[in-house]
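Please read the structure below before turning to the comments.
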Amino acid sequence: MKILLLNGPNLQLLGRREPGIYGHTTLADIEQEVISLGAELNCSVTAFQSNCEGELVSRIGNAPLDGFDGIILNAGAYTHTSIALRDAISGAALPAVEVHLSNVASREEFRHHSYIAPVCAGVIAGFGKDSYLLALRALVSRLNHINKWQ
Ligand code: DQA
């Protein structure tokens with residue numbers, strides 16, 4: 001099983017960026033933990049971060065041809081603005097999980113709306129780096145379930 005882990009704008013700054021909200025763990029550490037858990041769960045995880053909306057759109061659009069089975073996405077602020085990312089996910093037609101380190105529901109009002117959530121299998125927010133690990137477990141479980149009935 002192949003999983004694409006995507007991180008959007010400003011997430012390359014994790015560890016230094018508002019640690020009171022996002023914690024002290026770097027993106028490289030998070031990616032490594034997700035890759036290690038993936039190995040335990042029998043799947044290979046490919047990680048990619050970009051500050052550019054179009055690059056994320058392209059990665060999602062190519063995901064089925066690149067052989068990915070599912071997507072984990074922290075779109076950062078694009079979560080709250082990007083119809084293009086939403087269309088990319090629904091177009092790719094792969095199960096996707098939206099992830100946030102912080103509990104966006106308890107923050108500013110503009111973070112309460114996600115364009116992406118309605119086209120995802122589910123959303124995990126508020127557990128820091130564990131949000132990513134929980135997302136991987138949920139996605140793998142979903143994919144195993146789908147495959148069982150195919
Ligand atoms: C975030 C929440 C977003 O609102 C914010 O713009 C981010 C990070 C999170 O992981 O908590 O960049 O996606």
Side-chain angles (χ1 to χ4, degrees), residues 1-41 43-64 66 68-143:
M1 197 177 284
K2 275 182 70 177
I3 304 296
L4 180 60
L5 168 62
L6 291 176
N7 278 282
N10 300 309
L11 292 164
Q12 84 282 9
L13 299 174
L14 286 179
R16 289 182 284 140
R17 176 192 181 198
E18 300 182 85
I21 297 174
Y22 299 117
H24 292 276
T25 313
T26 65
L27 182 60
D29 287 342
I30 291 173
E31 289 173 344
Q32 202 42 61
E33 281 201 43
V34 178
I35 288 167
S36 299
L37 178 61
E40 275 174 43
L41 300 175
C43 59
S44 78
V45 176
T46 302
F48 177 75
Q49 186 275 334
S50 179
N51 294 321
C52 302
E53 189 177 10
E55 282 191 28
L56 297 166
V57 167
S58 296
R59 286 287 177 135
I60 294 166
N62 291 335
D66 289 340
F68 289 104
D69 300 292
I71 299 168
I72 297 170
L73 171 65
N74 184 348
Y78 292 147
T79 306
H80 319 297
T81 63
S82 181
I83 297 169
L85 279 175
R86 177 202 176 108
D87 285 353
I89 291 170
S90 56
L94 295 175
V97 180
E98 177 181 321
V99 165
H100 300 285
L101 294 138
S102 64
N103 179 2
V104 280
S106 71
R107 299 182 62 195
E108 302 95 326
E109 189 129 9
F110 63 83
R111 295 186 206 275
H112 295 181
H113 178 257
S114 167
Y115 278 103
I116 292 162
V119 295
C120 286
V123 179
I124 300 177
F127 297 99
K129 71 178 168 71
D130 286 345
S131 291
Y132 290 87
L133 302 172
L134 292 164
L136 181 63
R137 287 187 186 280
L139 184 56
V140 169
S141 167
R142 164 67 66 104
L143 287 166

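Positions are given from 1 along the sequence. Every number for a ligand or one of its atoms is a count from 1 in the order of the listing.
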For this session: On the 0 to 90° scale, with breaks at 30° and 60°, tag the H100-H80 ring pair as parallel, tilted or perpendicular.
Result: parallel
Exercise. Just distances here: any N/O of R107 and N/O of ligand 1 closer than 3.5 Å?
Worked result: no
Problem set entry | pair I3-L143: side-chain heavy atoms closer than 4.5 Å | yes
For this session: Using modelled atom types only, decide if a donor and an acceptor are shared between the side chain of K2 and the backbone of D66 within a distance under 3.5 Å.
Result: yes
For this session: With side chain to side chain donor-acceptor pair (under 3.5 Å) as the test, would you mind laying out the steps for N51 and Q49 before giving the verdict?
Result: CA-CA 7 Å; N51 294 321; Q49 186 275 334; 3.1 Å; yes
Exercise. Once you round to the nearest 0.5 Å, how far does CD1 of I30 lie from CG of D130?
Worked result: 9.5 Å
Exercise. For R59, does the CZ atom have more than 12 heavy-atom neighbours from other residues, nucleotides or ligands under 6.0 Å away?
Worked result: no
Problem set entry | Polar atom proximity, T79 to ligand 1 (N or O, under 3.5 Å) | no
Seminar exercise, completed: closest protein heavy atom to atom 4 (O) of ligand 1 is H80 NE2, 2.7 Å
For this session: Verify, without hydrogens or angle tests, whether S131 (side chain) and F127 (backbone) share a donor-acceptor contact under 3.5 angstrom.
Result: yes
Problem set entry | Per-residue contact class, N10 against ligand 1 - non-hydrogen pairs under 4.0 Å | neither
Seminar exercise, completed: re atom 11 (O) of ligand 1, the protein heavy-atom contact at minimum distance is S102 OG, 2.6 Å
Exercise. Which residue and non-hydrogen atom of the protein lie closest to atom 5 (C) of ligand 1, and at what distance in Å?
Worked result: R111 NH1, 3.3 Å
Exercise. Would V104 count as a contact of ligand 1 if the rule is a heavy atom under 4.0 Å away?
Worked result: yes
Problem set entry | For ligand 1, the portion of R17 having any non-hydrogen atom under 4.0 Å away | side chain
Exercise. Got the closest protein heavy atom to atom 1 (C) of ligand 1, with its distance?
Worked result: H100 ND1, 3.6 Å
Exercise. Any heavy atom of E98 sitting closer than 4.0 Å to ligand 1?
Worked result: no
Seminar exercise, completed: If you scan protein heavy atoms around atom 9 (C) of ligand 1, the nearest is L101 N, 3.4 Å
Exercise. Less than 4.5 Å apart, any side-chain heavy atom of E31 and any of L27?
Worked result: yes
